[in-house]
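Ligands are counted one by one from 1 in listed order, and the atoms in each one are counted from 1 as well.
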Amino acid sequence: MATIEEQIKTIQTEIDKTQKNKATEHHVGRLKAKIAKLKMAREKADAHAKASGGGKGFEVKKSGDATVALVGFPSVGKSTLINQVTDAKSETAGYAFTTLTCIPGVMEHRGAKIQILDLPGLIKGAANGKGRGREILNVIRSSDMVLYIVDPFQDAHFRVLHKELELAGMRLNEGKPPVFISRTDRGGIDVRTTVEQTRLTDEQISDIIREFGYTSAIVTLRTDVSADQIVDILAGNRIYSKAVVAINKIDIAKEEQLVHMENMLPKGWPLMRISAFKGDGLEELKDFIYDNLGFMRVFLKPQGQEADMEEPLIIKDTSRVEDVCNNLHRDFVRKFRFGRVKGPSAKFDWQRVGLDHLLKDGDILTIITRR
Ligand SMILES: Nc1nc2c(ncn2[C@@H]2O[C@H](COP(=O)(O)OP(=O)(O)OP(=O)(O)O)[C@@H](O)[C@H]2O)c(=O)[nH]1
Ligand SMILES: [Mg+2]
């Protein structure tokens with residue numbers, strides 16, 4: 001009997017051999033569903049081994065307001081970079097696999113403390129465990145943002161790495177597809193859709209769902225669904241996170257090499273050029289990281305006291321007064337009477353606001369509570 005690993009490999013080889021087009025989408029979707037199911041079984045086995053004192057990962061303690069993982073092939077300059085922008089001291093050298101574990105550093109910028117994780121270089125096959133790939137990918141999965149570091153002389157690297165992250169269940173710069181599947185007791189698989197389905201027939205969609213062991217379910221589609229999206233929803237362990245790219249070593253690259261590299265990257269992704277070694281572009285990179293994490297600063301002014309303009313609260317830039325309350329202490333929401341805001345989100349100074357008021361970067365906020 002083949003091991004889970006071997007079964008996954010056999011199916012993956014078949015997928016890789018199959019030409020991807022409209023006619024094969026359903027077939028490939030079923031194969032991917034089979035892999036997703038095998039991986040779910042593997043995760044269960046892994047969790048069991050861990051609980052009984054088996055494999056050691058190198059998870060790190062999270063700290064700060066957000067965590068960013070450095071992802072790149074060996075020798076692209078990840079450690080050189082973390083040494084420049086954080087307090088970490090990570091070994092660097094001109095040969096591959098210098099870094100062997102996860103090394104955290106903290107970057108303080110615009111009042112935020114951002115944890116950056118230096119990781120061993122990833123290689124092809126990482127998602128199947130090559131070069132401690134599974135441990136590295138687990139750390140990446142639990143970060144808030146991926147910062148790809150690419151070498152301008154290796155134009156094929158990015159695609160290889162991106163594939164490994166995808167195989168590890170990461171969906172970068174994508175939203176969760178609007179597909180809802182709920183198991184029912186009987187009635188078969190009932191597909192309901194609000195938009196025209198051009199890629200798969202109802203029967204093909206049902207086939208893929210049945211691979212997961214469902215015999216009856218209600219499926220609601222609010223998009224022209226792909227086989228991959230159905231598999232993603234049923235696999236359940238997909239991570240939809242943000243990714244940005246820094247092209248390193250610009251000090252030794254020609255303009256046309258940089259442009260060529262940029263053309264190889266997915267359209268519309270946030271992108272920057274740096275030289276970690278020379279220090280070029282690093283202040284801009286700090287802003288770039290901060291901006292893409294989607295933070296804002298809110299200055300708190302306790303009632304009857306001066307506002308604290310030194311240490312703002314760093315929160316998601318979509319936050320409301322209620323989120324600030326939750327961040328401070330759970331009693332704040334329960335005892336909340338009203339807030340007062342001065343700054344970009346206020347119509348006038350010290351506007352009175354409720355829990356659902358949307359805040360903006362640079363606001364000063366006072367929360368008035370009941371005793
Ligand atoms: N010219 C130039 N060299 C760089 C730059 N950044 C890093 N290097 C060099 O590239 C080599 C590899 O750098 P590291 O920082 O060790 O690379 P890494 O990505 O951490 O490598 P692993 O730990 O093996 O995955 C070293 O010799 C660095 O000095 C850069 O911006 N310009
Ligand atoms: Mg390194």
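Across Ile233, Val219, Val231, a single residue satisfies side-chain contact (heavy atoms from CB on, under 4.5 Å) together with Ile209, and that is Val219.
The option with the heavy atom closest to atom 12 (C) of ligand 1, from among Ala93, Gly72, Gly77, is Ala93.
Ion pairing of Glu135 with Arg132 is present here, as a side-chain N (NZ or NE/NH1/NH2) and a carboxylate O approach within less than 4.0 Å.
Coordination check, Ser79 versus the Mg ion (ligand 2): passed, since an N/O/S atom of the residue sits under 2.8 Å. Checking Thr99 against the Mg ion (ligand 2), an N/O/S atom falls under the 2.8 Å cut-off.
Only the side chain of Asn248 comes within 4.0 Å of ligand 1, counting heavy atoms alone; its backbone N, CA, C and O stay farther away. The proximity of Ala96 to ligand 1, defined as any non-hydrogen pair under 4.0 Å, is limited to the backbone. Heavy atoms of Thr98 found under 4.0 angstrom from ligand 1 belong to the backbone as well as the side chain. Only the side chain of Asp251 comes within 4.0 Å of ligand 1, judged by heavy-atom distances.
Relative to the ring axis of Tyr214, Arg183 places its NZ or CZ within 45° and under 6.0 Å from the centre.
Atoms of ligand 1 found under 4.0 Å from any heavy atom of Phe97 (numbered from 1 in listed order, with element): 24 (O). For ligand 1, the atoms lying closer than 4.0 Å to a non-hydrogen atom of Gly121 are 25 (O). Proximity to Gly94 (heavy-atom distance under 4.0 Å) selects the following atoms of ligand 1: 27 (O). In the vicinity of Thr92, heavy-atom distances shorter than 4.0 Å reach the ligand 1 atoms 15 (O), 16 (O). Of all atoms in ligand 1, numbered sequentially from 1 with element shown, those under 4.0 Å from a heavy atom of Ile252 are 1 (N).
Side-chain atoms of Glu25 and Asn21 include no donor-acceptor pair closer than 3.5 Å.
Between Val76 and ligand 1, at least one pair of N/O atoms sits closer than 3.5 Å. Residue Glu91 has no nitrogen or oxygen atom sitting less than 3.5 Å from a nitrogen or oxygen atom of ligand 1, judged on distance alone. Any N or O atom pair closer than 3.5 Å counts here, and Asp118 shares no such pair with ligand 1.
Rounding to the nearest 0.5 Å places CG of Asp16 at 12.0 Å from CD1 of Ile11. Taking NZ of Lys286 as the start and OG1 of Thr86 as the end, the distance is 9.5 Å to the nearest 0.5 Å.
Ring orientation note: the planes of Phe158 and His162 are close to parallel, at an angle under 30° on the 30°/60° scale. The aromatic rings of Phe295 and Tyr290 sit perpendicular to each other, their planes meeting at more than 60°, with 30° as the lower class boundary.
When hydrophobic clusters are built by joining Ile, Leu, Val, Met, Phe, Trp and Tyr residues whose side-chain heavy atoms come closer than 4.5 Å, directly or via intermediates, Val333 is grouped together with Leu365.
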